[in-house]
Protein chains: 2
Amino acid sequence: MTKHVKGAEALPLNQILEGDCIDVMNSLPAGSVDLIFADPPYNLQLKGELHRPDNSKVDAVDDHWDQFNSFRAYDEFTTAWLKAARRLLKPNGAIWVIGSYHNIFRVGASLQNEGFWILNDVVWRKSNPMPNFRGKRFTNAHETMIWAGKDEASKYTFNYEALKALNEGIQMRSDWVLPICTGHERLKDEQGDKAHPTQKPESLLHRVLVGSTNPGDVVLDPFFGTGTTGAVAKMLGREFIGIEREAAYRKVAEKRIANVRKFDKEALTVSASKRAQPRVPFGQLVERGMLRPGEELYSMNKRHKAKVRADGTLIGDDIKGSIHQVGAHLEGAPSCNGWTYWCYRTEGKMVPIDVLRQQIRSEMHD
Amino acid sequence: MTKHVKGAEALPLNQILEGDCIDVMNSLPAGSVDLIFADPPYNLQLKGELHRPDNSKVDAVDDHWDQFNSFRAYDEFTTAWLKAARRLLKPNGAIWVIGSYHNIFRVGASLQNEGFWILNDVVWRKSNPMPNFRGKRFTNAHETMIWAGKDEASKYTFNYEALKALNEGIQMRSDWVLPICTGHERLKDEQGDKAHPTQKPESLLHRVLVGSTNPGDVVLDPFFGTGTTGAVAKMLGREFIGIEREAAYRKVAEKRIANVRKFDKEALTVSASKRAQPRVPFGQLVERGMLRPGEELYSMNKRHKAKVRADGTLIGDDIKGSIHQVGAHLEGAPSCNGWTYWCYRTEGKMVPIDVLRQQIRSEMHD
DNA sequence: ACTCATGCTGAATCTCTGT
DNA sequence: TACAGAGATTCAGCATGAG
C-alpha cells in the first residue's frame with residue numbers, strides 16, 4: 001500500500017492509493033490516464049458514501065420523497081466522481097462503468113450530462129447467475145457496462161482485430177457470455193468468507209483491456225476493491241492505478257497482485273489492424289517496377305479495365321485518377337478500395353494488387 | 001381508426017386512437033389500465049450517411065419523430081409521457097419501456113424519478129443484428145427493456161410458471177434471445193418498402209404479455225406504430241388501446257389487426273425449439289484463464305507445437321492465426337478442427353482442448 | 001423437387017490524415 | 001478548421017433465380 005503522491009508531476013503507477021476516490025483523483029495530474037474502469041457502489045442506504053455536499057437533514061417525509069432524495073444524493077455522488085474522472089482522462093481516453101438496474105440508468109444519464117460520448121452499452125450475460133428464489137421476477141442474469149469516450153471527438157482505442165480473433169473470426173458483439181467469479185479465483189478473507197461482495201471475474205477485465213487499451217497504457221480504477229483491474233492489467237502489460245478506501249480490500253489486493261505474473265511479450269502481441277500498418281502509395285509499385293506504365297489492370301468482377309500511368313494514376317475509358325477514384329467511378333459507388341478492387345495478370349492468373357503492397361510491407365520489416 | 005372518447009366513463013378498447021399520446025392519455029380515465037408497453041423514439045442523433053462494405057447505403061432512421069434538439073428536450077418529453085402513463089395505470093399496474101443506449105438511461109432515470117419501481121431490466125439479445133460496418137465499435141446486438149411497477153407497493157402480475165414453461169422448464173432469465181423482425185412478419189407499404197422503420201417482433205411482445213398480463217387485461221401502447229402490441233394482445237385474448245399520431249401507421253395497423261385471429265387455447269402452448277450446441281470461441285478459454293497467454297499447445301501427433309496469445313490466436317514457428325488455421329498450415333491440410341487437433345499439458349498428461357470447451361458448454365446449461 | 005449462388009437488408013450516434 | 005483524398009469495413013436470414 002502506498003500513499004498517493006501530492007503534486008502533479010509524478011504518476012503513481014502500479015500502486016493502490018488510499019482514500020476517497022474523488023479526493024485522490026483530484027490530486028493526480030489532469031489528462032494523464034488512458035482508460036478508467038469503474039465499478040461504483042450502488043447501495044442507496046449508505047449515505048455516508050454518497051458525498052452530499054450539504055449535510056442537510058431531510059425532514060420526516062413519505063417514502064416517495066425519501067426515495068427521490070436518495071436518488072438525488074446518488075446522482076450528486078455520481079456526478080462528482082465522473083467529473084473528477086473525466087479531468088484525469090487524456091483527450092483520447094475512455095471510460096467503462098459497470099452497474100445493474102439499480103444504478104446504471106442514473107450513471108448513464110450522468111455520463112451523457114457530463115459530456116462523455118457513449119460508444120456502446122455492453123451486457124455481461126452471466127452463464128451461472130443466482131436464481132430468483134421467490135419466483136417473483138426474472139432471474140437477474142446480467143449486468144450492464146457502459147463504454148464511453150471522453151467526448152464526441154475522442155479517438156478512442158478499439159482493437160477490432162484482436163476482439164474479432166477472440167471471438168473466432170466474428171466481430172465481437174455487445175453481449176458477452178462469461179461466468180461469475182467463483183472457485184479458486186474468488187478471494188477469501190482470513191475467516192474463509194468471500195473477501196469482497198462483488199468481485200468481478202478476470203475474464204471480463206481481460207476482454208475490456210485487450211479491446212480498449214494498448215500495452216503500456218495507464219488504467220485507473222477508482223473503486224479498486226480487491227483489485228481485479230490491477231491484476232489483469234499487470235498480466236497484460238498495462239500500468240494501473242488503484243484507489244480504495246477500505247484497508248481490508250487494499251490488503252487483499254496488494255497480495256493478489258504481487259502474485260500475478262506478466263505474460264510473455266510474444267503472447268501479448270495481438271492481431272493488428274490494417275490501419276496500423278505503414279502506408280504504401282500505389283506509385284511505389286510503378287517506381288519499383290512491380291507494375292509497368294502502360295500495363296493493364298482488371299477489376300475484380302472483370303467488367304472494367306484501366307491502364308497504369310508513370311505517375312501512379314490510372315486511366316480508363318473516360319476517367320483518370322487514383323486507383324480508388326477510378327474504381328469508384330466505374331462502379332458508380334461512393335468509394336472504393338482500389339487495393340482490393342484491381343488485379344494484374346501474372347503467369348496467366350489474375351492477382352489483386354494488394355499482394356504487391358504486402359510484399360513491400362514485409363520488406364519494410366526486415 | 002376511431003376518434004378517442006372524451007369523458008372518463010368509457011374505455012375505448014381495441015381501437016387505435018389518433019393524436020399526440022400525452023393529450024390522448026390525459027383524456028382517458030385514471031387508474032384504468034393493467035399494462036403499458038412503450039416503444040418511444042430513441043433520439044438516435046445520426047449525422048452522415050453510412051455505407052456497407054459493398055457500398056450499399058444503410059436505410060437510416062431519420063424520421064422527423066426521432067428528432068430532439070437536446071438531452072433536455074428529450075428528458076422533458078420523457079417525463080411528460082411517463083406522468084400521463086402513470087396516471088392511467090391501476091394501482092397494481094406495470095409498464096415496459098424499450099430503448100437503446102441512446103435513450104434508455106434517460107428513460108430509466110425518469111422512471112425512477114416519477115416513482116415507478118423497477119422490477120427488472122431485460123435485454124433483448126438479437127440473434128441477427130446489423131453488424132458494425134466500419135469496425136469501430138462492438139456490434140450493437142441488443143436492446144434494453146425496463147419493466148417497472150407503478151410504485152414500490154404494486155402487486156404486479158408475473159406468470160412465473162408460464163414463462164418457465166416457455167423456457168423448457170428453466171426459470172426465465174433477464175436476457176432473451178430473439179430474432180429481429182424480418183421476412184413475412186415485416187409489414188410493407190404499397191410501394192413494397194418497410195411500412196415502419198422499427199417494427200418489433202411479435203415474439204418479443206408475446207413473451208411480455210404472457211409474462212406480465214392475464215387474459216382480459218387492458219394493455220395500452222402510446223407509441224403504437226404498426227401495431228405489434230395490438231396484434232399480439234388480440235391473439236392472446238388481451239384488450240388493447242393504441243395511440244398513434246401518423247395516419248399511415250394507423251392504417252397499416254388497422255388492417256393487420258383485423259386479420260389476426262385469437263389463438264385457440266391449445267395453440268398457446270408453444271412448441272419447444274431444439275437448442276443447438278452453443279458456439280464457444282477459443283478466445284474464451286484464454287479470457288477465463290483455462291489457458292494462459294504464452295502457454296504451449298501440442299498437436300495430437302506431437303509433431304508440432306504453438307503458443308497461445310492474449311487474443312485467442314496461436315503463434316507457431318512461421319505462422320499465426322486461429323487454432324484451425326495454424327493446425328491446417330502445419331499439416332499442409334486444407335482445413336483442420338483445432339478443437340480436436342490441439343492438446344494442452346496438465347498434471348503431466350496431454351489433454352485435448354475440446355475438453356475445456358465441453359466444460360464451458362456444461363456451465364452454460366446451468 | 002432440391003441445391004447452390006447471388007443479392008438485399010436490419011433503431012447505427014460507424015475514419016483518418018495532410019493541407 | 002474545413003476540405004479532399006486515401007483506404008478500411010459485414011453477419012444472419014430470407015428472397016430470387018439458375019442449374
Side-chain angles (χ1 to χ4, degrees), chain A residues 92 112 116-121 147-149 151-153 155-156 158 160-161 164 167 169-174 273-277 279-283 301 312-313 321-328 333-342 353-354 357, chain B residues 39-63 65-68 71 74 98-104 124 126-144 179-186 188 192-194 196-201 223 225 279:
Chain A
N92 293 330
Q112 291 178 315
F116 288 97
W117 189 248
I118 298 183
L119 300 166
N120 278 112
D121 59 336
W147 175 42
D151 54 47
E152 190 176 352
K155 289 177 186 150
Y156 53 91
F158 184 60
Y160 177 76
E161 293 294 343
K164 194 171 167 177
N167 198 31
I170 293 166
Q171 165 173 114
M172 187 70 80
R173 301 167 38 117
S174 59
S273 149
K274 283 188 189 161
R275 284 181 241 262
Q277 294 187 46
R279 192 159 149 159
V280 176
F282 176 71
N301 55 29
T313 57
S322 72
I323 53 173
H324 315 292
Q325 289 168 333
V326 175
S335 70
C336 171
N337 183 343
W339 290 106
T340 52
Y341 180 75
W342 294 107
I353 59 175
D354 203 31
R357 181 169 64 161
Chain B
D39 182 9
Y42 287 9
N43 189 23
L44 285 188
Q45 306 174 61
L46 302 178
K47 305 230 160 52
E49 293 185 341
L50 179 65
H51 292 87
R52 298 184 181 80
D54 66 3
N55 278 319
S56 62
K57 191 174 154 224
V58 174
D59 186 15
V61 178
D62 52 4
D63 304 76
W65 48 254
D66 198 41
Q67 309 301 323
F68 295 84
F71 283 133
Y74 189 80
I98 184 167
S100 67
Y101 67 84
H102 309 83
N103 71 324
I104 198 65
W124 169 28
K126 303 179 184 183
S127 55
N128 50 351
M130 185 158 61
N132 184 288
F133 295 118
R134 315 315 292 246
K136 298 304 293 179
R137 301 185 180 189
F138 298 96
T139 309
N140 212 329
H142 74 275
E143 294 188 23
T144 301
I180 61 176
C181 182
T182 58
H184 290 302
E185 192 186 321
R186 189 83 194 212
K188 302 284 194 293
D193 299 323
K194 58 189 175 194
H196 192 282
T198 70
Q199 185 182 341
K200 296 294 177 288
F223 307 98
R279 199 176 62 90

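Letters A, B, ... are given to chains in the order of the sequence lines, protein chains preceding strands, and every chain is numbered from 1. As a basis for the values below, the full set of heavy atoms in this structure was taken, side chains included, without hydrogen atoms, waters or symmetry mates.
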Open item on the list: At under 4.0 Å between heavy atoms, how does the protein contact nucleotides 7-12 of chain D? Give one character per nucleotide, 5' to 3', with B, S or -.
Closed with: BBBBBS
Task: 5' precedence on DNA chain C between K136(B) and Q45(B) (nearest-nucleotide basis) - done: Q45(B)
Task: Comparing E143(B) and K155(A) on DNA chain C - which has the more 5′ nearest nucleotide - done: E143(B)
Task: Contact boundaries on DNA chain C for chain B, cut-off under 4.0 Å to non-hydrogen atoms - done: dT9(C) to dC16(C)
Open item on the list: What I want to check is whether the side chains of S100(B) and H102(B) have a donor and an acceptor closer together than 3.5 Å.
Closed with: yes
Task: Rounded P spacing from dA12(C) to dA8(D) in Å - done: 25 Å
Task: Separation between the C1' atoms of dT10(D) and dG10(C), rounded to whole Å - done: 12 Å
Open item on the list: Under a 3.5 Å distance rule, please check whether R357(A) uses its side chain to pair with a backbone N or O of F282(A) as donor and acceptor.
Closed with: no
TODO: Would you classify T198(B) as touching base, sugar-phosphate or nothing, given that sugar-phosphate means primed atoms plus P, OP1 and OP2, and contacts are heavy atoms under 4.0 Å?
DONE: base
Task: Sidechain-backbone polar pair: N132(B) side chain, N140(B) backbone, donor-acceptor under 3.5 Å - done: no
Task: Syn/anti label of dT15(C) as read from its glycosidic torsion, with the cut at 90° from 0 - done: anti
TODO: State which residues pass side chain to side chain donor-acceptor pair (under 3.5 Å) with D193(B); sequence neighbours excluded, sorted by chain then number.
DONE: none
Task: Residues which pass side chain to side chain donor-acceptor pair (under 3.5 Å) with E161(A), listed by chain and number, not counting sequence neighbours - done: none
Open item on the list: Treating primed atoms plus P, OP1 and OP2 as sugar-phosphate and everything else as base, which nucleotides of nucleotides 14-19 of chain D get B, S or - for protein heavy atoms under 4.0 Å?
Closed with: SS----
Task: Sequence-distant partners of E152(A), salt bridge (Lys or Arg N to Asp or Glu O under 4.0 Å), two or more places apart - done: K47(B)
Task: Residue pairs fulfilling salt bridge (Lys or Arg N to Asp or Glu O under 4.0 Å) with at least one residue in residues 128-141 of chain B, sequence neighbours excluded - done: none
- [ ] Identify whether any heavy atom of P40(B) sits under 4.0 Å from a base atom; if not, whether one sits that close to sugar-phosphate; answer base, sugar-phosphate or nothing.
- [x] base
TODO: Only counting residues at least two apart or in another chain, list the ones meeting side chain to side chain donor-acceptor pair (under 3.5 Å) with W65(B).
DONE: Y249(B)
Open item on the list: When the C1' atoms of dA1(C) and dA18(D) are compared, how many Å lie between them, rounded to an integer?
Closed with: 14 Å
Open item on the list: Going by salt bridge (Lys or Arg N to Asp or Glu O under 4.0 Å), name the residues that satisfy it together with D39(B), two or more places apart in sequence or in a different chain.
Closed with: K200(B)
- [ ] Would you classify Q325(A) as touching base, sugar-phosphate or nothing, given that sugar-phosphate means primed atoms plus P, OP1 and OP2, and contacts are heavy atoms under 4.0 Å?
- [x] sugar-phosphate
- [ ] For D59(B), report the nucleic acid contact type (base, sugar-phosphate, nothing); a contact means any heavy atom under 4.0 Å.
- [x] sugar-phosphate
Task: Which residues share a salt bridge (Lys or Arg N to Asp or Glu O under 4.0 Å) with D63(B), sequence neighbours left out - done: none
Task: Check: Y156(A) ring centroid to W147(A) ring centroid under 6.0 Å - done: yes
TODO: Using the test side chain to side chain donor-acceptor pair (under 3.5 Å), find all partners of Y74(B) that sit at least two apart in sequence or belong to another chain.
DONE: N103(B)
Task: Note, Q171(A) side chain near Y160(A) side chain (heavy atom, < 4.5 Å) - done: yes
Task: Strand DNA chain C in bracket notation, Watson-Crick/G-U under 3.5 Å with | for pairs to another chain - done: .|||||||||....|||||
TODO: May I ask you to verify if any side-chain N or O of S322(A) is less than 4.0 angstrom from the OP1 or OP2 atom of dA6(D)?
DONE: yes
Open item on the list: Test your reading of the model: is there a side-chain donor-acceptor pair from E49(B) to the backbone of K57(B), 3.5 Å cut-off?
Closed with: no
